[in-house]
Amino acid sequence: MTSQSPDIKISTEPPIRAPSAVPIDDAVLPFEVGSLDLRGRLTRLGPALDDVLTKHDYPPAVGKLLGEAMVLTALLGSSLKFDGRFILQTQTDGPVSFMIVDYRGADRMRAYARYDASRLEAGQDSGALLGKGHLAMTIDQGADMSRYQGLVALEGGNLEDAAHEYFLRSEQIPTKVRLAVGEEWRGGEGDGPKHRWRAGGMLLQFLPKAPERLRQADLHPGDAPEGAVTDAVEEDDAWVEGQSLISTVEDVELIDPDLSGERLLYRLFHERGVRVFPPLPLRAECSCSREAVSGMLKSFAPGDRADMVKDGKVVVTCEFCSSVYEFTPDEAGVE
Ligand SMILES: [Zn+2]
């Protein structure tokens with residue numbers, strides 16, 4: 001079976017393209033379901049995610065939340081056509097008070113979370129960990145281009161809710177997002193059981209040519225009095241079907257290391273025909289450098305620089321990747 005048709009053909013026979021030829025982990029797979037005017041991206045994060053979360057040794061609940069933020073960033077940042085930068089940040093009053101995921105191209109994604117360990121409790125979901133505050137998404141296209149920032153209030157909901165709110169208010173493109181993060185346990189020989197982090201996510205958008213088909217129901221007004229009349233908007237049938245299909249995706253399917261992205265997309269959309277585009281590989285690599293840290297040190301006032309000298313040296317640790325940079329007072333510009 002050599003297929004040039006837009007449908008992915010997967011039978012009970014092994015697929016024609018060897019799965020090993022396709023990077024299943026740490027990649028974004030763009031796809032389209034032409035008959036429903038749907039476009040989307042599916043991402044799988046394996047070693048890239050595990051590396052970031054393990055380096056910081058985050059408590060499981062914090063790691064899971066930061067993983068969700070990384071998946072969302074991979075889904076959104078990978079849509080940028082230019083050599084720009086996408087930054088996702090949360091600032092909230094919950095146990096995880098600050099998160100940042102910095103995407104500078106597919107080969108440079110880094111992430112960091114600040115949390116108060118004394119406020120972590122068993123069973124807290126993402127919404128409880130975040131608390132109230134806001135989510136900011138910044139697109140920076142470089143020095144001569146405008147910087148765009150979208151802000152969404154976080155009010156006890158999770159990052160999927162916030163993403164939906166963002167697309168409804170800012171982009172006005174009907175969008176659904178699914179995010180999942182889990183720990184995979186591997187049998188441990190010698191050193192006991194080991195686990196590694198995995199994550200997956202999907203973004204689905206309805207992009208019809210005719211703008212009148214874009215109407216979408218407003219988010220449910222959670223605090224509206226009972227019996228209040230909400231706008232009854234009839235959504236386009238294709239989008240109703242798209243939402244219903246993505247809502248069937250389970251977390252385990254998104255993170256399953258044995259289920260390729262193509263198979264998952266086929267499973268969801270085979271009746272409508274899905275076209276999958278070449279994957280975009282992702283890498284989690286910090287963009288810090290000795291030069292950049294040195295430049296940052298020189299931007300401080302001389303008095304502040306002098307205060308940083310401890311035991312005859314200035315030590316700076318990168319919060320993203322835990323790299324340690326040491327400078328002599330002379331190098332750090334201390335007089
Ligand atoms: Zn770094």
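Whatever order the structure lists ligands and atoms in, that order sets their numbers, starting from 1.
- Tyr325 places none of its side-chain heavy atoms less than 4.5 Å from the side chain of Ser294.
- Around the Zn ion (ligand 1), the protein contributes the following N, O or S atoms at distances under 2.8 Å: Cys286 SG, Cys288 SG, Cys318 SG, Cys321 SG.
- Two residues are said to be in side-chain contact when any heavy atoms from C-beta on lie closer than 4.5 Å; Leu88 and Ile100 fail this criterion.
- In this structure, a donor-acceptor pair under 3.5 Å is absent between the side chains of Asp140 and Thr138.
- Under the 4.5 Å side-chain criterion, counting only non-hydrogen atoms from C-beta, Arg198 is in contact with Asp25.
- You'll find the side chain of Val314 stays beyond 4.5 Å of the side chain of Glu326, heavy atoms only.
- The closest side-chain heavy-atom distance from Thr90 to Leu154 is below 4.5 Å.
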